[in-house]
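Counting convention: from 1, in listed order, for ligands and their atoms alike. Heavy atoms only: backbone and side chains are in, while hydrogens, waters and symmetry mates are out.
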Amino acid sequence: MKIKTKLTLAVGVLFFFIALLSALAIRQVYLLSQDTKNILEANYISLDYTRNMHKLIDKSVIADEDLIEFEKLLAKQNTNITEIGEKELTQDLQAHFVQLRSQPDSPVFISNIRNDLNDIMKLNMDAILRKSDTAGQTADNSILWISITSAFCFIIGFTLLINLPGYIANPIKNLTDSIRQIASKNYSQRLYFKGHDEFSSLARSFNTMAEKLQEYSDSNLAKLMMEKKRIETLINNLFDPVLGLDEKNIILFINEQALKISGLKRENVIGKQAEEIAVTNDLIRSLLQKMATNENKDNSLKIYADNKESYFEKQLVPISIIPTGEENQKEIGSFIILRNITPYKELDFAKTNFIATVSHEFKTPIASMKMSLQLLNNEQTGNLNDEQKSLVESIKEDTERLLRTTGELLNISQVETGNTKLKIEAVDVKSIVNSAIDNNKKLAEQKSIIINFEPLENLPLVSADKEKATWIVSNLISNAIRYSYDNTTIDVNVLEMDNKLIISVKDGGIGIDPKYLPRIFDKYFRVPGTEKEGTGLGLAISKEFIEAMGGRIDVKSELGEGSEFIISLIIS
Ligand code: ADP
């Protein structure tokens with residue numbers, strides 16, 4: 001049966017009994033009022049008439065007006081005959097009254113009338129008693145029937161009170177709980193309601209929905225698992241080692257290549273804290289250190305694996321997502337990709353070795369060419385005409401440049417192979433700067449550039465490799481000349497500051513665009529559009545040498561305003 005029918009039936013029955021109870025109560029109260037009315041109208045009034053008639057004949061002398069009054073009362077009594085036998089008694093009274101009227105002082109007639117009145121009174125009083133019993137009976141019946149009907153109403157009402165809220169609320173509560181379970185992805189949740197009402201059809205619909213959701217979730221899960229496997233296989237087959245971490249540095253995945261170079265076993269790594277693994281594994285430790293210091297400068301790692309040295313470049317890829325329903329990005333972990341750069345490194349070594357060998361091989365012939373040119377210029381070897389002299393001069397310039405370039409190439413190959421050998425000693429900066437200025441004298445003269453250097457007295461000695469420090473300052477002055485306009489000045493200053501000795505070379509030349517300043521000390525970097533010949537190695541070598549001596553090199557420059565290169569060296 002449907003809930004609606006059940007509820008209509010229950011409330012209908014309750015309504016019927018309440019209506020019945022009301023009708024019954026009205027009827028019984030009506031019956032009671034009728035009984036009382038009967039007593040009043042039929043008997044009480046007769047008693048009143050007879051009592052008044054009694055009073056009239058009880059007088060010592062019955063006057064004519066008493067008789068008239070008596071007759072009136074008698075006439076009224078005649079119209080109020082309600083009991084069986086009352087009529088006869090009233091007729092007797094009538095007859096005796098006729099006698100009394102003819103002889104008003106006859107004690108016999110008075111006595112007859114008194115007896116008649118008493119009989120009528122008794123008859124009415126008996127009737128009152130009888131009718132009172134009937135009224136009592138009606139009241140008892142009313143109580144009985146009203147009680148029975150009330151009991152029915154109570155039972156039905158009580159049954160509804162106990163059962164109805166639970167009957168409606170319990171399935172709704174079960175449904176709410178089940179919906180919550182579904183919301184928490186427990187798709188195995190089912191509802192069971194007995195019967196064939198709306199709740200059971202609701203349960204059937206709910207169960208169908210849950211089944212469909214489960215099916216959907218299972219198929220999605222299968223798809224996700226498939227995708228996961230696909231991605232895992234892809235990562236595993238990558239040539240580069242890859243490591244995946246979550247936001248708490250827990251290792252989520254590691255591919256075969258990463259396992260190979262780290263010597264780790266997958267089952268000992270997955271789900272573990274990276275810091276925990278780092279305690280016993282050098283590679284993971286150095287990766288974490290690089291991550292912590294956010295070291296981007298030197299990303300390469302040298303790893304000995306598979307019986308050979310391999311070089312890897314670390315790439316840290318942070319993974320950020322915007323969670324559903326949120327606006328801000330959230331970091332959920334990171335990838336560490338180690339790009340195998342061994343082939344490039346090997347090529348780089350080959351290139352460096354080649355440059356080192358070639359430049360070394362070039363040095364001696366160039367030096368002998370320089371010597372020969374000097375001899376050519378010597379008058380003892382014969383006089384040269386003006387044209388020959390200018391040719392010799394131009395060959396000399398080219399030889400100088402060739403020597404400078406081979407020197408730079410040799411230096412950079414030393415830096416790249418880590419073979420830079422420094423001879424650190426206490427040196428006088430004044431002599432370093434003077435030698436550097438001397439080296440560039442000719443160049444400066446060609447462009448009519450004046451180099452100002454007024455050294456302070458009593459400058460302390462510095463810890464440096466004299467030859468390399470001279471080379472650096474010479475390179476800075478040479479740059480200042482090359483990148484300056486004719487007829488300008490270059491200021492070289494030396495001063496003591498914070499326990500360091502500062503050498504600055506300041507020119508008023510073309511200057512450097514600020515966007516290129518961060519790359520100015522990179523190997524082979526030249527500001528795009530630079531017209532002067534050069535290798536882009538001078539500043540890179542200078543930086544390497546200076547840092548190897550414990551000092552540093554900085555630059556301040558503005559496009560079109562000139563540049564200032566500042567070296568600081570440790571006071572010995
Ligand atoms: P090179 O001068 O051989 O090109 P460097 O390493 O000495 O190589 O200099 C790198 C680049 O920096 C130069 O190509 C030039 O563009 C720029 N540069 C260096 N010094 C100066 C300077 N004093 N003024 C302007 N530009 C300079």
Side-chain angles (χ1 to χ4, degrees), residues 352 355 358-359 362 366 397-416 420 432-433 436-437 439-453 467-494 502-549 551-568:
T352 309
I355 289 174
V358 169
S359 44
F362 276 10
I366 297 169
E397 268 173 33
D398 285 345
T399 321
E400 286 290 340
R401 208 168 55 236
L402 207 55
L403 204 62
R404 213 180 107 219
T405 308
T406 30
E408 281 180 357
L409 289 174
L410 207 58
N411 279 337
I412 200 72
S413 58
Q414 275 179 17
V415 167
E416 284 180 352
T420 317
I432 291 177
V433 176
I437 292 174
N439 292 345
N440 289 287
K441 222 173 187 168
K442 221 165 162 201
L443 198 63
E445 273 167 13
Q446 280 170 5
K447 292 181 84 175
S448 309
I449 287 174
I450 298 164
I451 302 171
N452 292 324
F453 175 53
E467 196 192 317
K468 295 212 163 34
T470 311
W471 186 90
I472 295 164
V473 180
S474 176
N475 181 61
L476 292 182
I477 295 173
S478 136
N479 277 354
I481 299 168
R482 287 193 299 139
Y483 302 113
S484 282
Y485 309 107
D486 290 1
N487 302 311
T488 51
T489 51
I490 291 168
D491 295 317
V492 183
N493 284 302
V494 179
I502 311 290
I503 308 168
S504 84
V505 179
K506 191 174 178 185
D507 64 64
I510 59 170
I512 302 163
D513 192 328
K515 70 177 175 209
Y516 297 123
L517 284 179
R519 297 176 59 196
I520 207 81
F521 296 104
D522 289 354
K523 274 187 285 181
Y524 304 105
F525 179 78
R526 308 195 72 222
V527 172
T530 305
E531 281 169 12
K532 298 277 167 204
E533 284 172 6
T535 55
L537 285 172
L539 289 177
I541 297 166
S542 301
K543 188 171 161 63
E544 292 288 344
F545 282 172
I546 280 286
E547 285 176 0
M549 290 180 212
R552 56 177 290 160
I553 181 164
D554 294 291
V555 59
K556 286 183 201 163
S557 184
E558 261 181 63
L559 201 59
E561 301 277 313
S563 315
E564 183 179 9
F565 284 86
I566 304 146
I567 300 170
S568 68

*Can we say Arg401 and Glu397 salt-bridge, meaning some charged N sits less than 4.0 Å from an Asp/Glu carboxylate O?*
no
*Where the side chain of Ser557 meets the backbone of Gly562, is there a donor-acceptor pair that is under 3.5 Å apart?*
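Between the backbone of Gly562 and the side chain of Ser557 there is a qualifying donor-acceptor contact (under 3.5 Å).
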*asked:* Looking at Arg482 and Glu533, would you say the former's side chain and the latter's main chain have a donor-acceptor pair under 3.5 Å?
replied: yes
*For ligand 1, would you mind listing the residues that have at least one heavy atom less than 4.0 Å away, ordered by chain and number?*
Asn479, Ala480, Arg482, Tyr483, Asp507, Ile510, Gly511, Ile512, Ile520, Phe525, Arg526, Val527, Thr530, Gly534, Thr535, Gly536, Leu537, Gly538, Leu539, Ser563, Phe565
*salt bridge (Lys or Arg N to Asp or Glu O under 4.0 Å) involving Lys442 - partner list, sequence neighbours excluded*: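 With sequence neighbours excluded, Lys442 shows a salt bridge (Lys or Arg N to Asp or Glu O under 4.0 Å) to Glu393, given in chain and number order.
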*Can you list the residues that meet the salt bridge (Lys or Arg N to Asp or Glu O under 4.0 Å) rule with Glu416, with sequence neighbours excluded?*
Lys351, Lys523
*Mind checking what makes side chain to side chain contact (heavy atoms under 4.5 Å, CB included) contact with Asp513, not counting sequence neighbours?*
Lys515, Tyr516, Leu559
